[in-house]
Visitor: 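Before I ask anything, let me first share the structure, which is written out below as structure tokens.
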Amino acid sequence: MLRLAGFSVALALALLPGGGEALKEGECEVCVSFLDKFYQSLKDGGSSFSSADIEKALTKSCSEAKGKENRFCYYIGATSDAATKIINEVSKPLSYHVPVEKICEKLKKKDSQICELKYDKQLDLSTVDLKKLKVKDLKKILEEWGESCKGCAEKSDFIRKITELMPKYAPAAAGARTDL
């Protein structure tokens, strides 16, 4: 009887949220966002929620991920070039429908870099002055569109290429600009 009471207390303490360990607002932004989208895709796809199926789907999803989300996948070992494999730290809790915030809290304890990932701020192409941006930022806009600027040597070449492609990739921004 005493053992049962001790077990009950230990179980209750394990289930209570730890003091100060909850994620702060905006913390683990990439982890929470990516896993939230992934979990939703599993629900929409009628997944069986077995750990093995989740790992396969996560690896597939990570193979298509770009930017910060790809870096997150690398950290959890869901990419082919990853050095570590803690993918089961994601798949097992997801199979039990654990909230993604809790999964990210545990991942943060394993590797703090996971929660340091932040999405880049999106530029408002309808109002931004392209001439004031750095070439690095101009290249990033083209990269997000899946385009490159072959033969671009100067900043003005990148600006010209972006303004040419803007109606295709950002038609609302292209229509709102007055300098075109």
Side-chain angles (χ1 to χ4, degrees), residues 3-125 133-134 136-148 169-170:
R3 244 185 258 164
L4 183 60
F7 177 72
S8 298
V9 169
L11 182 64
L13 288 175
L15 293 177
L16 286 174
E21 294 180 24
L23 295 178
K24 295 173 184 71
E25 184 69 33
E27 194 176 23
C28 287
E29 174 184 358
V30 175
C31 177
V32 170
S33 172
F34 181 78
L35 289 181
D36 214 16
K37 285 187 285 188
F38 176 69
Y39 180 70
Q40 195 60 46
S41 73
L42 289 175
K43 280 176 32 180
D44 294 345
S47 174
S48 66
F49 281 96
S50 72
S51 194
D53 287 348
I54 291 173
E55 281 188 32
K56 266 191 245 171
L58 186 58
T59 305
K60 182 181 181 297
S61 197
C62 283
S63 69
E64 300 164 359
K66 290 184 174 33
K68 303 292 183 182
E69 291 180 348
N70 181 271
R71 180 58 36 193
F72 167 74
C73 290
Y74 174 81
Y75 288 153
I76 64 170
T79 58
S80 58
D81 61 340
T84 60
K85 287 266 189 224
I86 58 171
I87 194 170
N88 63 331
E89 298 288 332
V90 174
S91 62
K92 191 164 245 153
L94 274 179
S95 70
Y96 298 124
H97 304 280
V98 173
V100 294
E101 291 82 6
K102 294 292 180 191
I103 296 170
C104 291
E105 282 176 28
K106 285 196 175 199
L107 288 174
K108 181 181 177 185
K109 291 176 189 171
K110 298 267 185 203
D111 187 354
S112 62
Q113 296 177 86
I114 289 171
C115 283
E116 292 170 4
L117 289 171
K118 301 246 185 267
Y119 287 113
D120 296 329
K121 285 190 265 180
Q122 292 295 317
L123 294 173
D124 182 10
L125 291 175
L133 293 178
K134 295 179 180 178
K136 180 177 100 175
D137 296 327
L138 296 171
K139 285 181 180 179
K140 193 184 297 182
I141 291 169
L142 290 171
E143 185 181 304
E144 285 174 5
W145 290 347
E147 297 281 346
S148 63
Y169 292 102

Visitor: Using a strict threshold of under 4.0 Å (side-chain N to carboxylate O), is an ion pair present between K108 and E27?
Guide: yes
Visitor: Is the closest side-chain heavy-atom distance between L125 and Y169 below 4.5 Å?
Guide: no
Visitor: So E116 and S112, do their side chains get closer than 4.5 Å, heavy atoms only?
Guide: yes
Visitor: Under 4.0 Å between a side-chain nitrogen and a carboxylate oxygen: does that hold for E69 and K37?
Guide: yes
Visitor: Quick check: do K118 and V30 have side-chain heavy atoms less than 4.5 Å from each other?
Guide: no
Visitor: Is a donor from one side chain sitting under 3.5 angstrom from an acceptor on the other, for S51 and S95?
Guide: no
Visitor: Would you say the side chain of L58 lies within less than 4.5 Å of the side chain of L94, judging by non-hydrogen atoms?
Guide: no
Visitor: Say whether, by atom type as modelled, one donor and one acceptor occur between the side chain of S47 and the main chain of K43 under 3.5 angstrom.
Guide: no
Visitor: Return the orientation label for the F49 and H97 ring planes: parallel under 30°, perpendicular over 60°, tilted otherwise.
Guide: tilted
Visitor: Rounded to the nearest 0.5 Å, how far does CD1 of I76 lie from CD1 of I114?
Guide: 7.0 Å
Visitor: So if I apply the side-chain contact (heavy atoms from CB on, under 4.5 Å) rule between C62 and each of Y74, F38, F34, which one comes out positive?
Guide: F34
Visitor: Taking the side chain as C-beta and beyond, is there a heavy-atom pair between I141 and L133 under 4.5 Å?
Guide: yes
Visitor: Nearest 0.5 Å, please: how far is CD in E55 from NZ in K92?
Guide: 9.0 Å
Visitor: Do the side chains of L107 and C31 get nearer than 4.5 Å, heavy atoms only?
Guide: yes
Visitor: Is it true that K106 and E89 have a side-chain N and a carboxylate O under 4.0 angstrom from each other?
Guide: no
Visitor: Just do the side-chain contact (heavy atoms from CB on, under 4.5 Å) check on E29 and L117 with the steps written out, would you?
Guide: CA-CA 7 Å; E29 174 184 358; L117 289 171; over 6 Å; no
Visitor: One thing to verify: whether K60 and E64 come together as a salt bridge, which I'm taking to mean a side-chain N less than 4.0 angstrom from a carboxylate O.
Guide: yes
Visitor: Would you say that I86 contacts Y75 through its side chain, given a criterion of any heavy-atom pair below 4.5 Å between the two side chains?
Guide: no
Visitor: Which heavy atom of C115 sits nearest a heavy atom of C104, and at what distance?
Guide: SG-O, 4.0 Å
Visitor: For a 4.5 angstrom cut-off between non-hydrogen side-chain atoms, does Q122 reach E144?
Guide: yes
Visitor: Count the heavy atoms of every other residue, nucleotide or ligand shown that sit under 6.0 Å from NZ of K85, and state whether that count exceeds 12.
Guide: yes
Visitor: If only side-chain N and O atoms count, and only distance matters, is there a donor-acceptor pair under 3.5 Å linking Q40 with D44?
Guide: yes
Visitor: Distance only, no hydrogens: is a donor on one side chain within 3.5 Å (strictly under) of an acceptor on the other, for S50 and D53?
Guide: yes
